[in-house]
Amino acid sequence: MPGGSGMARPKSGIHAMNLFTDIRAAVLAALDQLVAAGELPKGLDMTNVAVEPPRDPAHGDMATNAAMVLAKPAGKAPRAIAEALADRLREDDRIATAEVAGPGFLNMRLVPGLWHDVVRAALAQGRDFGRSTIGQGTRVNVEFVSANPTGPMHVGHTRGAVFGDALASLLDFAGYDVTREYYINDAGAQVDVLARSAYERYREAHGLEPQISEGLYPGDYLIPVGEALKQEYGDSLLDKPESEWLSVVRDFAMGRMMQMIREDLASLGVKMDVYSSERAITEAGRVEEALETLRGMGLIYEGVLEPPKGKMPEDWEPREQTLFRSTAFGDDMDRPVKKSDGSWTYFAPDIAYHWDKVQRGFDQLINVFGADHGGYVKRLKAVVQALTNGRVPLDIKLIQLVKLYKNGEPFKMSKRAGTFVTLRDVVEQVGPDVTRFVMLTRKNDVALDFDFDKVLEQSKDNPVFYVQYAHARVCSVLRKAAEAGIPADDTALAGADLSILTHEAELELARKIAEWPRIVEIAARGHEPHRIAFYLNELAAELHGLWNRGNDDAALRFIQDDKEVSRAKIALARAAGVVISAGLGILGVTPAEEMR
RNA sequence: GGCCCCGUAGCUCAGAGGAUAGAGCGACCGCCUCCUAAGCGGUAGGUCACAGGUUCGAAUCCUGUCGGGGCCGCCA
């Protein structure tokens, strides 16, 4: 890292990626000068100095709060600091004006050439424009979906799948080394239930009456599994005791389920890097290993839990169990790792799995869970904190439920009534692009309304089409340009004389494009892919707005008689198109080239 | 009883501690001889649930209250 002082900074131009961090660096450098000149005391904490777009564009292109943040520690009036800072910054050839406003804001207007540089950078770098290095190659594991291999995935899984995949792409774009991972719960009692259910379908395939008793999975999706079992094993399993067929049928059925899940994920465009098996981890002795590690830290003990407050379970009685001291890390109570009969609780393999993940060398862990697993957050964070001495952060993103609607009416799901909506149903009905975009237009921790009819509506009500349409319009301009004999490939456009772009409406679009690298970093830092979707909506609005200005004012149309002028304006449109394409790429949505 | 999430325009929702809190829908008024009107411009609409606190500054952070949802020893 450069520890230099003064105004050392990268030349503005193609290389400039995030103008906001560039200007922030200039502000910090100017502050250093003030310190050197004795106008500010040494040793000020600059971490809260921010450079942001002002709320009101009339205030300028960028604003800094530096003077207000530093006023108190520096013992000077904010406006005095701001004035001194403004004097220094005016010497920067990128900054056209610097004015003090309000309680001590410093509003800056940048020279138009910077916006032209941004457009040029977008054209030169294409879909890589906006890539960030904030991740610094940090190895991050994103675990998501992890649906039990006992049946088809439903809409809730769909949202988790889309969120996790988009988050992974976002982190990759921001310079992290990302692993997409799926944890297969293939060791618990529920896969034995799957086996018994499949066995009944196997009997059915032989013409026998299936006995789907209470507690077995009644779904039709196991009928073909029964058929396949018959194909594979004939009648050889028919008259055997359960102890002989259970593991065979279990592995067979689970294989089928995982195949189905992989296909479903593929239909959404989700591809995992790693599938981790609970069974494999357990059989490799990772549970004992992890618990021994914790025991060595004095975090495992034999004890009796307090009875739960409030509603008391009927059969509660104090029992000695093996417990994990998660209260040492802020959990509400210590958590059992062994049942009273000596077998593991569900929590134990979870500890082993997270132990396994940190052993594999990840620097950061992210788990994407359904909101109903909120109760597990504290204990899992406790585990990872304990096992890594707090070195590896674990972020758990809880995905709120999806409320289904059909034509504005709530759509009740019921397995029994056959109105259970699966991931496959959704993707087949509305397609992967719409599914993904809509699922990302809400923050992960608020419930999402998903109306089968509205999401297919081709109107401005529908953000997918709004953004797609903006991209299609850019493509349309490029096609028209080609027809008009204007060279409009990216290298030709990159050579355009962008200084022609002086109209405020054009610069506004360029400014929005300049925000892209900043949005990427904010979204990546917060693990919030929805910010990408909202930004794309704003960018599309700027593009549509400029487009329509062309209706009133022919000088603002992209295609002009003068080919040089045309080239510059098309370059601007193309730059917007490139960013939309990159943003949709992160969300896993294909940019439409044409919409008719 | 405890823990987690949510509460912002009529509706659906954005909003890294910053200035006069934004967008879409719905309502009202306008814009196609013209690169795609699946679009655009304008008007109207607010006690950011409530009460305290932290500080130059709070929708944002802290505490409490109210309202909605989720979870709560050995199930997975």
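Throughout, protein chains are lettered first and strands after them, A, B, ... in sequence-line order, and every chain is numbered starting at 1. None of these values were measured; they are calculated from a predicted model. Just so you know, these numbers use all the heavy atoms, side chains as well, and skip hydrogens, waters and symmetry mates.
Rounded to whole Å, the separation between the P atoms of B:rU43 and B:rA23 comes to 10 Å.
For the OP1/OP2 pair of B:rC75 and a distance below 4.0 Å, the side-chain nitrogens and oxygens of A:K339 include at least one atom meeting the criterion. Between A:Y466 and the phosphate of B:rC40, there is a side-chain N or O to OP1/OP2 separation shorter than 4.0 Å. Side-chain N/O atoms of A:H373 include none lying less than 4.0 angstrom from OP1 or OP2 on B:rG70. Side-chain nitrogen and oxygen atoms of A:K569 include none within less than 4.0 Å of the OP1 or OP2 phosphate oxygen of B:rC35. For B:rA37, the OP1/OP2 oxygens have a side-chain nitrogen or oxygen of A:R473 closer than 4.0 Å.
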Before you tell me yes or no, could you show the steps for A:L106 and A:R79 under side chain to side chain contact (heavy atoms under 4.5 Å, CB included), namely the whole-Å CA-CA distance, both residues' side-chain angles and the distance that decides it to 0.1 Å? CA-CA 9 Å; A:L106 184 55; A:R79 292 190 64 102; over 6 Å; no
Checking A:F452 against A:L404 for the side chain to side chain contact (heavy atoms under 4.5 Å, CB included) test, could you report, in this order, the C-alpha distance in whole Å, the side-chain angles of both residues, the deciding distance, and whether it holds? CA-CA 8 Å; A:F452 278 93; A:L404 291 175; 3.7 Å; yes
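With sequence neighbours excluded, the residues forming a salt bridge (charged side-chain N to carboxylate O under 4.0 Å, His left out) with A:E564 are A:R567, listed by chain and number. Under the rule for a side-chain hydrogen bond (donor to acceptor under 3.5 Å, both in side chains), A:H530 has no partner lying at least two apart in sequence or in another chain. With sequence neighbours left out, A:Y405 forms a side-chain hydrogen bond (donor to acceptor under 3.5 Å, both in side chains) with no residue at all.
Residue A:F105 and nucleotide B:rA19 are classified as a stacked aromatic pair, their ring centres being separated by less than 5.5 Å at an interplanar angle below 30°.
Each salt bridge (Lys or Arg N to Asp or Glu O under 4.0 Å) pair with one or both residues in residues 540-553 of chain A, not counting sequence neighbours, would appear here, but there are none. Residue pairs meeting the salt bridge (Lys or Arg N to Asp or Glu O under 4.0 Å) criterion with at least one member in residues 338-348 of chain A: none, sequence neighbours excluded. Evaluation of the salt bridge (Lys or Arg N to Asp or Glu O under 4.0 Å) test over residues 517-537 of chain A, restricted to residues two or more places apart or in two chains, returns A:E521-A:R525, A:E528-A:R531. Within the structure, every pair that satisfies the salt bridge (Lys or Arg N to Asp or Glu O under 4.0 Å) test and touches residues 48-65 of chain A, not counting sequence neighbours, is listed here: A:D61-A:R511. Sequence neighbours left out, the pairs with a member in residues 436-453 of chain A that pass side-chain hydrogen bond (donor to acceptor under 3.5 Å, both in side chains) are A:D165-A:R436.
Residue-level contact check: A:N551 touches the bases, meaning some heavy atom is under 4.0 Å from a base atom. A:R442 comes within contact range of the sugar-phosphate backbone alone, with a heavy-atom separation under 4.0 Å but no base atom that close. Within 4.0 Å of A:K338, counting heavy atoms only, lies no atom of the nucleic acid at all. Residue contacts for A:E538: at a heavy-atom cut-off of 4.0 Å it reaches no nucleic acid atom on any strand shown. Within the 4.0 angstrom heavy-atom criterion, no nucleotide atom of any strand lies near A:A71. At the heavy-atom level, A:R531 lies under 4.0 Å from the strands shown only through sugar-phosphate atoms. Heavy atoms of A:D341 sit nowhere under 4.0 angstrom from any nucleic acid atom. Among the heavy atoms of the strands lying under 4.0 Å from A:G188 are primed sugar atoms or P, OP1, OP2 only; no base atom is included. A:I559 comes within 4.0 angstrom of a nucleotide base, judged by non-hydrogen atoms across all strands. Here A:P336 lies in heavy-atom contact (under 4.0 Å) with sugar-phosphate atoms only. Nucleic acid contact class of A:V193 (heavy atoms, under 4.0 Å, all strands): none. The residue A:A63 sits close to a base: some heavy atom pair falls under 4.0 Å. Nucleic acid contact for A:T345: sugar-phosphate only, since backbone atoms but no base atoms lie under 4.0 Å from a heavy atom of the residue.
Taking a pair as Watson-Crick or G-U wobble with both distances under 3.5 Å, RNA chain B forms stems of 3 or more consecutive pairs at B:1-7 with B:66-72, B:10-13 with B:22-25, B:27-31 with B:39-43, B:49-53 with B:61-65.
Anti is the glycosidic conformation of B:rC56, whose angle departs from 0 by more than 90°.
Contact check of residues 51-58 of chain A against RNA chain B (heavy atom, cut-off under 4.0 Å) returns A:P54, A:R55. Looking at residues 444-453 of chain A, you'll see A:D445, A:V446, A:A447, A:D449 sit with a heavy atom under 4.0 Å from some atom of RNA chain B.
The neighbour count for A:D562 CG, taken as heavy atoms of other residues, nucleotides or ligands under 6.0 Å away, is above 12. With a 6.0 Å radius and a threshold of 12 heavy atoms from other residues, nucleotides or ligands, A:K406 has its NZ atom above the threshold.
With distances taken from any side-chain atom of A:N107 to the nucleotides B:rC40, B:rU36, B:rA19, the minimum falls on B:rA19. Here B:rC5 is the nucleotide among B:rG73, B:rC5, B:rA14 with the atom lying nearest to any side-chain atom of A:Q400.
A:N107 and A:H59 share no donor-acceptor pair across their side chains, judged by distance under 3.5 Å alone. Side-chain contact of A:N148 with A:T150: a donor-acceptor pair under 3.5 Å is absent, judged by distance alone.
Taking the six-membered ring wherever Trp is involved, the centroid distance between the rings of A:Y353 and A:Y183 falls below 6.0 Å.
If you find the closest nucleotide of RNA chain B to A:G375 and to A:G102, the one lying nearer the 5' end belongs to A:G102.
A cation-pi geometry, defined here as NZ or CZ lying under 6.0 Å from the six-membered ring centre and within 45° of its normal, does not hold between A:R379 and A:F324.
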Whether each nucleotide of nucleotides 43-48 of chain B has a protein heavy atom under 4.0 Å at its base (B), only at its sugar-phosphate (S) or at neither (-) is summarised, 5' to 3', as ------
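Rounded to a whole Å, the CG atom of A:L556 is 15 Å from the C1' atom of B:rC31. Summarising the geometry, the separation between CZ on A:F534 and P on B:rA16 is reported as 12 Å, rounded to the nearest angstrom.
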